[in-house]
Each structure stands twice: as C-alpha cells, then as structure tokens.
Amino acid sequence: MAQLNLTNLRGDLVASADRRQAVKQASARKSAAKESMDEAWARIFASKLTDADRGKLAEVKRAMSEGSIGRSPSDTHTKKGTPKRFSKAEAIRLYAVLQERNKADRLRKMVEDTPENYELITTDDALSRFVAELQNEEIIAIDTETTGVDVYSDDIVGISVTLPDSDRHVYIPVEPTKDDHAMNRAAVLDALRPALEDAMIGKVLFNAIFDRNILRSHGVEFRGIAWDAMTAMHLLNENEPSYKLKDLAPKYLGVESDTYDELFGKNAQFAEVPLDVALVYAAKDTQLTWELYRFQERHLRKFPEMYEYYTTVEVPLLDVIADLESNGYILDLDFAKEYGERLRKEAAELHEYLVDKLAKYHEGDEPINVNSPHQMRPALSKAIGKELPNLDANRTLKPLRKQHEIIDRLLEYKRVTKLSGTYIEALPKKQNRTTKRWHSRFNPMGTVTGRFSSGKDEEDKTGSGFNVQNQPEDVRPMFVPPPDKVLIGADFKAQEIRCTAYLSGEPVLIDAFNTGRDPYAMMASQFYKRPYEEVNKLPDGSDTKERKQMKVVWLATLYGMSDFALGDMLGIAKKDATAFKDEVFGSMPKLNAWLESNKTFVQKNGFVWADKKYRKRRLKDAQLKREFIPYGKYNDPKFEPQRLNNSRINRALRQATNARVQGTSSIQTKVTMIEADRMCHEKGNGWHLWGTVHDEILWEAPADFTRADIADIERVMTESYRFGDVPNGTDIEVARRWGHGMTVDEWFKQNEKGAI
DNA sequence: TATTCCTGCCAC
DNA sequence: AAACGTGGCAGGAATA
C-alpha cells in the first residue's frame, strides 16, 4: 500500500512540476522579445555546462558577434510568429553548422594553397614519366590510401610518393575512386611494380607493415623498407603521448596537420574525396613522413649504437613481422564448438547455483548480476559472514575457497566464463573474410621495454584482432597447423636470468649456466629442502610446480618485490621471506651490486640502457625529490603529495632493472627472429614463422622435417644473439596442436613407429 | 547511445 | 606506507 501511495505522490509531484515548467515557458516566451542576445548568453553560460559544451558555446558566441553566423528565422520565431528565446540547444545546433562550414572552408583553402610541387597523376603519360623518374631514386617516401584497415580485404584507392631529390610529392588515385580521371588500379600497380619490388630503392613509410601487407594483397611484393617513422618514433621516445603522424608533425616539425576525421568526417571513404582535396591530403602525408624521417635520423645518429640497432634490427624485422602476420593462424572450429558447449553448460550450472545461493543477500528486484563486482562484493560478504575488501581472485578469494563452497564455485565460474567469453566464443568470430585465416597484429614497439605487444590494429573497429601472447593453456589447442604440417616451438631457456647473469657478471649465475645447472631448480631445492633433481624440469620437458613457483619468485625479487609481498606469495611470514631472500641473493654480491648500480644510474641520468646502448628506457620519475614523511604521519592527508612522489620514485627504481633485463632479452628475441625467418626462406618448402611469445619463437613446418632441421633451429636459437660469455639454451617442442607438444625425441620415436 | 574508465584476469 | 615488471581484452559502471 505504501508503494502505491508513493507512486501517486510522485505522479502529483511530476504533474505539478510540469505545470510550473509550462508557466515558466509561457513567461519566457513573453520575455523572449525583450531579452537581448547578451542577456541570453549570460543566462546560458550561467547554467550548468560541461567543459566541452562551454568551449563550443564560446566559439558560437564569437562567430555570432563577428557576424559570420546568425540565428535561422525558423529558430527566432514560432510558425505563429511568437518570438522564441535563444537556447543552449539552438547554440549547439549552430556549432554543428559552424563546424561544417569551417570544414568546407578548410578544404577549399587547402586546395587553393596546393603547393606547386604537389602533382596529381591521372594519365598514362604522366604515370610513365613518373615511373621512369622513380627508377633513378635512391630513396622515396610512400603511402597507400585505402578503403579500410583490413589489409587482406580492403582496396587501395591511391598511392602517394615523395621524391626527395626533386622535392616533388605526387598522388596517384586509382579506381574504385568515383572520379572519371582515376586510372585502373591493376595497371597503375603494374607500372609501379618494378620500383615497389626493387629493394635497391629505399622506402620511408609511416606504419610500414600496413602498406607492405595491403600491397601484398594486391599482388605486389613490396621491398626496400628503409625507415618506418612510426617505429622510429617509439625508439626516440617510448613515452610519447601519441604516435599518430598528425600529432607528431606539429610537435616535431612545426607543421599543423588536420586529422582525417576532422577533414572528412568519421566514416568517410577516401575514395569519395574529390581528387583536388585528396592530392593535398595524401601528398602532404608522404611529405610529412619524409620530413619526420629526416628529423628522426638526425637525432638517432647522435646515438650511433641505437641508430645501428634500429636500422639493422628493427627495420629488417618489419618484413619478418609482416610475413608472420599475413601467414596467420588456423583454428579448429570443431574443437572450439565442442569445448564451447561444455563451458557454456558448466557456466550455466554454476550461474544458477550462485544466483540461488546469493538471492537472500542481494537487495534489488532483479536477480544478482554475478559478473558485477559492485553487486557481488556486498552479497558475497554477507553470505560468508566476512567483509571482503574486493573480489580479487588471487589475493582475496583463493585463500577462502577451501572454507566456502560458494567461493570455490564463483572462482570456477570466473574461470569458465573468462575462457568462454574472451577466447573460445570470441576467437572463431574473428576469421578473416578473405583469407579465411585468423590474423593478429604483432607490434614490435608496442611496449616501453622493447617487447612485442600483440592484439588488434589501433584503427580497427571490427574487432578482428586478438592477442596471441596471452592465450591460456586450455585455448592453445584450438590453434592448429595446416594439413601435413606441425608447429615447432623453441624457447630461450631461462632467458631473463641468463640475461641478468650477463648484465651483472655474477659468477655464481654464470658458473651455474656454464655447468648446465638450472638456477630456478637450485633455488627451489634450497627453498623446499628437496634434492635438485626432484624439483628440476622433468625429462619430458614439463615443469615441476616447485620450479615454476621459483621462476616467478626469482623474477619478482629481481624486479623489486617487497619481502612482505614475497612472503604473501609463498605463504610464509615476512621475516621468513627476508631470510630466504638473504640466503639466496646474499651469496651473489656482484648481482646485488649490479641491482644497486641500476638504481644509482637511473637516479643520476633519468634513463637506463638495454644491452649495448641499443635502447633507452627513460624514467624521469627516478629523479624526483624524495620527501621526508615523519614516522606515524602516513595517514596524514597533509603528506599525500609526498607519498605520491615517493611511490613514483620507488616505482621508477624498480622499473630500471626490469627495463634493462626485459629490454635486453627482447633484443635477443628480435635478432633471433630475423635469423629464424632467414632460415625459413633458405629451407622454403612450407617453413614459416608462426608466432612469438616473448621468450619463445614458433614455426609452422612440414611434418617430415628432419633432425638436421632441428639442429638448425637449435643453432639459430643459441647463436644468433649471445649474452657475452653466458651460454644460451633452448627447449624445442613439436606439436599437432599448439600447447600439446612433445619433445623432439618423442616425435621421432612416434614417427619411426608410424604412429602419427 | 557511444565513449571512456575501472576491475579483473590471461600471458611471459 | 606500500608492498612486482611488461602487455591486451571483456564486461560493468560512469560519463558525455
């Protein structure tokens, strides 16, 4: 009953508010005639506005006072002739009109100001003259305009080229551009082919992998990448806020540059852009790319080792990645379907259980949303009679799973839905419509340390990309090699620890590697007080859980994990963690000195080097001034900024060592990938690079590979990039499905029996 | 309604 | 007092 009364009351309130509003509007209409524009603006600006709206309104006000825009008659009076008050909504409508007009003005001005040395090529004659000219160029800048960002399916609508010697910038539109003047695409590409495929003509690009692969889809084997201004920018400053050409040009070249969206609108097709506009836009792109290249080269040359690294590793790597990406993946959809159904069923059962059990602790009419931490935290806290700080699986829930069945079921539900939602259900939808394979992106500059990131293309809105590097164990078997092929994976054995041994010169570590002992196993033996052999990797290549745990501990400790967190991780008291760390690391004074020297270096210089000055990691926070906080004042809000400052400093100090180790290791992986790719080309016969996961390189290879092939892989892995005198190691696996690997010996044993 | 932020979790 | 580095992505919540 109370509910009903409340509803009526609310209805009354609404009705009376409507009446008041109506009265207000009527009086506003009466006063509209009297209100001046200044008064109207004052009224609008006095109302509650977002910053964005405030900016827009200010622009409209300025334009109106300049007389460049005015109210439309349909807005000033109603049909009956009653004056209408100037409103915020009307002003925002005027803003849109203003934007459209500005855009048109900008485009017109762009065309009027087309530089003398910009040339639109639309005739066979002009094209053949240009092609002849190209043959004499040592280096050019080049860019493709396309219908979209799917390099396997979308079309090229034009190509722009900068000829630096003669300072000319051309744009060659091709069909399907809706313009009578554009030439046939295949004919243009054929004419350009000799230059595009000529490795002796150097090419400067912005995001080279994109252009290389979309040209490949059009039957052109693009060669001669000499510089990628996008990846070079990452090397010059890994902290750059944006790596878009349109942001870099104003910042580093002092050249204003409109974005595509600003000029043409969000979903505009470049093929629809009139050719005079297209010329200025596209030719300017390669001109800017060229100038950015000159700027970058000048700066990078000041660091000869870094310059050498960029041109001999990062640049050749672009071809390797482009090949790897376009080779793509095959997914076993039957596996996905079967596994997906199993997961769905499991999830539904768990969901029912959870909703049922939590119903009485959940407030609200709707059933509880199990995926919402917001709803789950209070309900679950009540259900177990204990306040949970969060729903973090590792820290909060896992320790409680044995005591409370509901938590155990929730963790299982989370695992199942994560697997199903992110991987098993999602991946099959990402098949490329043209190649029928799955293509991911590998970004060689996707991280601040030099590791690859993997995922979707930044511009891609179709969601066709996916991260190859975080596929869970259970999902990997969905990835299969083509028929009659296998996957061969080789990892760098203890890559980061070998790297640490090399960088620090720690004799205990170096000696361990030289005598074939495994530091993780040594540490596990020490911690668990069990024989070395028992905790080491098993003969079949699988890891023991003890060794696996030490792997995490080793790295975490190296990267500055506190004793508190270490104790937490190992389930021991802080003082025991401290003692354990002292025991392990105390025997390695040179390693400790090196860890310390990384801190002093970064505090002095604001950056650290990866390996032989190949890559910088700039950590300016290390140079902040450390603030003193008196004992017992940590909760005093007055010391908030100091706390923040100090934690930024501490973070930078931890990052210093991490960046050196991760950076140096990633260089090893990249150099080795180039050699691995070279090996594929030498072998031919269906050998392809298949992927990389930080310390691992994978191939797809014909199933009749030989022991000699394996020896080649071993050589490539261990000899392509040396960590000084520290030997490299590798473990090689052969698989019919990703993750279902066997050792090489097992493979050949099965093969001899004809069991495959 | 579309975009951005946040939390949580997968990998090395 | 805080407490381990590098990523990408899903889904909910908050914001525009």
Side-chain angles (χ1 to χ4, degrees), chain A residues 49-53 56 238 266 369-377 390-397 411 414-415 417-423 425-427 430 440-443 445-456 458 461 463 465-476 491-492 495-496 548 551-569 574 577 617 619 627 629-636 639-640 642-644 646-663 665-666 669 691-696 739:
Chain A
L49 296 171
T50 63
D51 285 352
D53 278 352
K56 287 177 187 176
E238 78 282 7
K266 228 171 176 193
N369 181 346
V370 181
N371 300 318
S372 163
H374 186 71
Q375 294 180 26
M376 281 295 278
R377 199 183 59 80
N390 52 51
L391 295 181
D392 187 285
N394 278 323
R395 299 207 158 274
T396 311
L397 299 181
L411 283 166
K414 282 183 169 207
R415 189 188 71 84
T417 50
K418 169 84 179 171
L419 268 182
S420 146
T422 310
Y423 305 103
E425 305 281 345
L427 281 174
K430 296 169 188 273
S440 165
R441 296 292 324 266
F442 284 86
N443 183 351
M445 294 288 188
T447 71
V448 289
T449 55
R451 273 188 175 184
F452 282 98
S453 70
S454 164
K456 70 181 181 68
E458 203 193 323
K461 282 157 190 88
F466 55 94
N467 183 350
V468 177
Q469 303 191 135
N470 76 341
Q471 296 298 322
E473 228 178 322
D474 288 352
V475 176
R476 292 187 177 192
D491 71 348
F492 293 102
Q495 185 186 36
E496 294 201 341
K548 224 173 183 171
K551 221 162 143 176
V552 181
V553 170
W554 229 111
L555 297 173
T557 310
L558 199 60
Y559 301 152
M561 183 191 251
S562 68
D563 293 356
F564 178 94
L566 180 64
D568 202 40
M569 175 183 273
K574 186 191 162 206
R617 173 76 180 108
L619 296 160
E627 302 288 350
I629 305 165
Y631 184 75
K633 296 286 183 183
Y634 293 108
N635 286 321
D636 190 336
F639 292 98
E640 184 71 26
Q642 283 90 327
R643 284 213 307 278
L644 222 67
N646 289 357
S647 75
R648 282 170 66 182
I649 296 168
N650 293 337
R651 183 177 156 83
L653 296 184
R654 288 195 298 269
Q655 285 170 309
T657 293
N658 173 262
R660 296 203 67 193
V661 176
Q662 220 178 77
S665 298
S666 70
T669 301
T692 172
V693 191
H694 308 306
D695 66 347
E696 187 181 8

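Chain letters run A, B, ... following the sequence lines, proteins first, then strands; residues in each count from 1.
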Inset, instruction - Ignoring hydrogens and angles, answer whether the base of C:dC4 and the side-chain atoms of A:R651 contain a donor-acceptor pair closer than 3.5 Å. - result: no

Inset, instruction - Determine, for A:R451 against A:E496, whether the closest basic-nitrogen to carboxylate-oxygen distance falls under 4.0 angstrom. - result: yes

Legend entry - Selected nucleotide, minimal atom distance to A:K414 side chain, candidates C:dG11, B:dG8, C:dA3: B:dG8

Inset, instruction - Round to the nearest Å and state the distance from A:E238 atom CD to C:dG7 atom P. - result: 10 Å

Legend entry - Closest heavy-atom pair and its distance - A:Q495, A:T669: NE2-OG1, 3.1 Å

Inset, instruction - Could you check whether A:S647 gets within reach of a base, just the sugar-phosphate, or nothing at all, counting any heavy atom under 4.0 Å? - result: nothing

Inset, instruction - Quick one: label A:N650 by what it contacts on the DNA or RNA (base, sugar-phosphate, nothing), any heavy atom closer than 4.0 Å. - result: nothing

Legend entry - Separation of atom CD in A:Q662 from atom C1' in C:dG7, rounded to whole Å: 9 Å

Inset, instruction - Measure from the side chain of A:Q655, starting at C-beta and using heavy atoms only, and say which of C:dG5, C:dA13, C:dC4 lies closest. - result: C:dG5

Inset, instruction - Check every strand shown and say whether A:R441 touches a base, only sugar-phosphate, or nothing at a heavy-atom separation below 4.0 Å. - result: nothing

Inset, instruction - Specify the residue among A:K574 and A:T417 whose closest nucleotide of DNA chain C lies further upstream toward the 5′ end. - result: A:K574

Inset, instruction - Look at the side chain of A:A565 and decide which nucleotide, out of C:dT6, C:dG8, C:dA3, has an atom nearest to it. - result: C:dA3

Inset, instruction - Please identify each residue that fulfils side chain to side chain contact (heavy atoms under 4.5 Å, CB included) with A:K430, with sequence neighbours left out. - result: A:A426, A:L427, A:W438, A:F466

Inset, instruction - Not counting sequence neighbours, list each pair that qualifies as a salt bridge (charged side-chain N to carboxylate O under 4.0 Å, His left out) and has a residue in residues 554-566 of chain A. - result: A:D563-A:K581

Inset, instruction - Using a cut-off of strictly less than 4.0 Å between a heavy atom of the residue and any atom of DNA chain B, enumerate the qualifying residues of residues 465-475 of chain A by number. - result: A:Q469, A:N470, A:Q471, A:P472, A:E473

Legend entry - Euclidean distance for P, C:dA2 against B:dC9 (whole angstrom): 22 Å

Legend entry - Among C:dG11, C:dG5, C:dG8, the one nearest A:N371 by side-chain distance: C:dG11

Inset, instruction - Kindly compute the distance separating CG (A:L419) from CD (A:E425), expressed to the nearest 0.5 Å. - result: 10.5 Å

Inset, instruction - Find the distance A:F452:CZ to B:dC12:C1' and express it as a whole number of Å. - result: 14 Å

Legend entry - Counterpart residues, side chain to side chain contact (heavy atoms under 4.5 Å, CB included), relative to A:S454 (two or more places apart): A:S440, A:F442, A:N467, A:V468, A:Q469

Inset, instruction - Please tell me if the side chains of A:S665 and A:D695 come closer than 4.5 Å, counting only heavy atoms from C-beta onward. - result: no

Enumerate the protein-to-nucleotides 1-7 of chain B contacts in which both atoms are nitrogen or oxygen and the separation is below 3.5 Å.
{"residue": "B:dT3", "atom": "OP1", "partner": "A:K266", "partner atom": "NZ", "Å": "3.4"}

Inset, instruction - Under the side chain to side chain contact (heavy atoms under 4.5 Å, CB included) rule, collect the residues that match up with A:E238, sequence neighbours excluded. - result: A:V448, A:R617, A:R618

Legend entry - Closest non-hydrogen atom pair, A:Q375 against A:N369: OE1-N, 2.8 Å

Inset, instruction - Round to a whole Å and report the spacing from CG of A:N443 to P of B:dC12. - result: 20 Å

Inset, instruction - Pick base, sugar-phosphate or nothing for A:R654, based on heavy-atom distances below 4.0 Å to the nucleic acid. - result: sugar-phosphate

Inset, instruction - Check every strand shown and say whether A:S666 touches a base, only sugar-phosphate, or nothing at a heavy-atom separation below 4.0 Å. - result: nothing

Legend entry - Which atom of A:V475 lies closest to which atom of A:Y423, heavy atoms considered: CG2-CB, 3.6 Å

Inset, instruction - Look at the side chain of A:D695 and decide which nucleotide, out of C:dG7, B:dC10, B:dC12, has an atom nearest to it. - result: B:dC12

Inset, instruction - Let me know the distance between CD of A:Q375 and C1' of C:dG12, rounded to the nearest Å. - result: 9 Å

Legend entry - Minimum-distance nucleotide (side-chain atoms of A:T447 versus B:dC12, C:dG7, C:dA10): C:dG7

Inset, instruction - Answer with yes or no whether A:K418 presents, from its side chain, a donor or acceptor under 3.5 Å of a partner atom in the base of B:dC10. - result: no

Inset, instruction - Would you check if A:H694 and A:T447 make a side-chain contact, meaning some heavy-atom pair closer than 4.5 Å? - result: no

Inset, instruction - Specify the separation, in whole Å, of atom CG of A:N646 and atom C1' of C:dA2. - result: 11 Å

Inset, instruction - For A:R415 and B:dG8, give me the distance from atom CZ to atom C1', rounded to whole Å. - result: 16 Å

Inset, instruction - Rounded to the nearest angstrom, tell me the gap between atom CG in A:L427 and atom P in C:dC9. - result: 11 Å

Inset, instruction - Just call it for A:V448: base, sugar-phosphate, or nothing, with non-hydrogen atoms closer than 4.0 Å on any strand. - result: sugar-phosphate

